Amino acid sequence: GVTRLEKEWRVPTEERYFGATAQLAAARRMTTLDPSNVSAWLRVAELLMQGDGQVAISQDLALNALSNALDANSSSVLLWLAYLKVLQQKDAAEAQEMMEI
C-alpha cells in the first residue's frame, strides 16, 4: 500500500508537468546552468514565496535563494530589492507574532 509519507510527497500529474512544482524545477535548472540569470533567480524566489507551507518557511527559502543569487550577482539592484522586500516582510510578520504573544 501507499504510506502516509508517499501520499504527502506525491505530486499530481498535472501539477508535476504544468504546475508550480515544474515551474520551480525549471527555474532552478536555469539558475544552475546560468547563475547570472537574474530573472530566473527572481522567479525561483517568487515561486518559493507562493508555497503552500508556512509563510515563515517560504520566506526563509526565498531569502536563501536570493542570497545564493546575490553571491553570483552582487551588483544586481533587482536582486537586492527583492531580498530586502522579503526580509522586510519576514521582520514585519515576526514583529506581529511577538505582539500577539
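Only a predicted model underlies this, so the values are computations on that prediction, with no experimental measurement involved.
The two residues Leu48 and Ser58 have their closest heavy-atom pair at O-CB, 3.3 Å. Shown here for Ala45 and Ala62, the closest heavy-atom pair between the two residues is O-CB, 3.9 Å. The minimum heavy-atom distance linking Ser76 with Leu70 is given by the pair O-CD2, 4.4 Å.
To the nearest 0.5 angstrom, Ser74 atom OG is 8.0 Å from Trp80 atom CH2. Of the inter-residue distances, the one linking Leu66 atom CG with Leu78 atom CG reads 11.0 Å to the nearest 0.5 angstrom.
Residues Trp41 and Leu63 are members of one and the same hydrophobic cluster, defined by side-chain heavy-atom contacts under 4.5 angstrom among Ile, Leu, Val, Met, Phe, Trp and Tyr. Val44 and Met30 fall into different hydrophobic clusters, where Ile, Leu, Val, Met, Phe, Trp and Tyr side chains are chained together by heavy-atom contacts under 4.5 Å.
Within the structure, salt bridge (charged side-chain N to carboxylate O under 4.0 Å, His left out) contacts touching residues 87-101 (residues at least two apart or in different chains) are Asp60-Lys90, Lys90-Glu94. Applying the salt bridge (charged side-chain N to carboxylate O under 4.0 Å, His left out) rule to pairs touching residues 70-82 yields nothing, sequence neighbours excluded.
In this structure, Leu81 shares a hydrophobic cluster with Val77, the cluster being traced through Ile, Leu, Val, Met, Phe, Trp and Tyr side chains under 4.5 angstrom apart.
The shortest distance between side-chain heavy atoms of Met49 and Gln89 falls below 4.5 Å. Contact check for Leu24 versus Gln50: no side-chain heavy atoms found under the 4.5 Å cut-off.
The side chain to side chain contact (heavy atoms under 4.5 Å, CB included) with Leu42 is formed by just one residue from the set Leu47, Leu79, Asn37; it is Leu79.
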